[in-house]
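One structure is given below, encoded as structure tokens.
Predicted model only: the values in this text are computed from it and were never measured. Below, read A as the first sequence line, B as the second, and so on, with proteins coming before strands; counting in each chain starts at 1. Heavy-atom basis, side chains included; hydrogens, waters and symmetry copies ignored.
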Amino acid sequence: MALNASFLAIWKVVKAIPPGRVATYGQVARLAGLPRRARLVGTALNEAPAASLPWHRVINAQGRISLPPNSPGQREQRRRLREEGVVFVRGRVDLDRFGWRAGSDSPLLD
DNA sequence: GACATGACATAAC
DNA sequence: CGTTATGCCATGT
């Protein structure tokens with residue numbers, strides 16, 4: 001089915017996000033060759049085999065986790081990110097420091 | 001098929 | 001900081 005091609009492209013990009021870095025839904029969509037389809041990324045992650053994907057490294061453009069506050073998933077995602085060294089400030093991640101830029105795989109330490 | 005929903009993004013006010 | 005509007009489209013009812 002042609003439909004899954006999009007999902008596969010998305011999963012591929014997500015798998016490429018290095019530990020300790022995050023990517024936004026829109027960014028993942030673009031890198032997957034699906035511009036303007038950020039929502040599809042959310043859907044793809046929802047349907048994805050969580051065990052085989054670093055789904056927690058995908059957050060929204062505001063640097064926030066897009067799961068309901070206080071939900072198990074939200075806490076899990078925050079826990080995993082913090083475990084990788086991603087810092088939350090007032091519930092937000094500074095994308096300038098932890099955002100994934102293709103070509104640089106380590107966080108900028110100032 | 002019509003309609004509502006949602007792990008989103010961007011722009012405008 | 002916030003709200004509204006619009007684009008997007010797979011899924012579920």
Side-chain angles (χ1 to χ4, degrees):
Chain A
M1 337 144 155
L3 192 53
N4 275 346
S6 299
F7 282 21
L8 286 178
I10 289 169
W11 293 340
K12 184 174 179 180
V13 171
V14 173
K15 281 189 206 170
I17 307 173
R21 322 244 15 215
V22 296
T24 69
Y25 295 89
Q27 179 182 6
V28 171
R30 271 187 296 104
L31 293 174
L34 303 165
R36 292 330 156 323
R37 290 184 209 181
R39 289 191 98 134
L40 187 60
V41 174
T43 303
L45 289 184
N46 204 23
E47 304 292 330
S52 68
L53 268 154
W55 57 272
H56 58 285
R57 298 184 190 136
V58 183
I59 61 180
N60 65 37
Q62 300 176 27
R64 291 218 203 81
I65 289 176
S66 288
L67 287 170
N70 253 330
S71 66
Q74 190 263 8
R75 284 190 242 173
E76 176 65 5
Q77 182 166 13
R78 198 182 62 182
R79 185 187 71 72
R80 288 198 191 186
L81 288 176
R82 282 181 44 123
E83 193 169 41
E84 293 183 352
V86 176
V87 178
F88 280 79
V89 179
R90 291 195 301 282
R92 246 169 83 208
V93 172
D94 185 345
L95 292 177
D96 289 330
R97 292 199 298 169
F98 300 101
W100 175 40
R101 293 180 205 180
S104 72
D105 36 17
S106 51
L108 311 172
L109 306 173
D110 46 341

Are any of the side-chain nitrogens in R79(A) or E83(A) under 4.0 Å away from the carboxylate oxygens of its partner? yes

Side chains of [X] and [Y]: does their closest heavy-atom pair fall under 4.5 Å?
X	Y	answer
R64(A)	I59(A)	no
F98(A)	L81(A)	no
E76(A)	W55(A)	yes

Within 6.0 angstrom of R78(A) CZ, more than 12 heavy atoms from elsewhere: no

Expressed in whole Å, how much space separates the P atoms belonging to dT6(C) and dA7(B)? 22 Å

Given DNA chain C, 5'-ward residue of the pair P35(A) and R64(A), judged by closest heavy atom: R64(A)

Tell me, which of residues 36-47 of chain A have any heavy atom that sits under 4.0 Å from an atom in DNA chain C? R36(A), R37(A), R39(A), L40(A)

Over all heavy atoms of both residues, which pair between [X] and [Y] is shortest? Give the atoms and the distance, please.
X	Y	value
A48(A)	W11(A)	CB-NE1, 3.3 Å
A23(A)	W100(A)	CB-CE3, 4.2 Å
L95(A)	N60(A)	CD1-O, 4.3 Å

Segment of DNA chain B, first to last nucleotide, that comes within the 4.0 Å heavy-atom reach of chain A: dG6(B) to dT10(B)

Pairs counted as Watson-Crick or G-U wobble with both distances under 3.5 Å: what dot-bracket string results for DNA chain B, using | for bases tied to another strand? .|||||.||||||

From V14(A), I10(A), V58(A), residue fulfilling side chain to side chain contact (heavy atoms under 4.5 Å, CB included) relative to L53(A): V14(A)

Do you know which of L45(A), L34(A), V28(A) makes side chain to side chain contact (heavy atoms under 4.5 Å, CB included) with L40(A)? L34(A)

NA contact type, R57(A), heavy-atom cut-off 4.0 Å: base, sugar-phosphate, or nothing? nothing

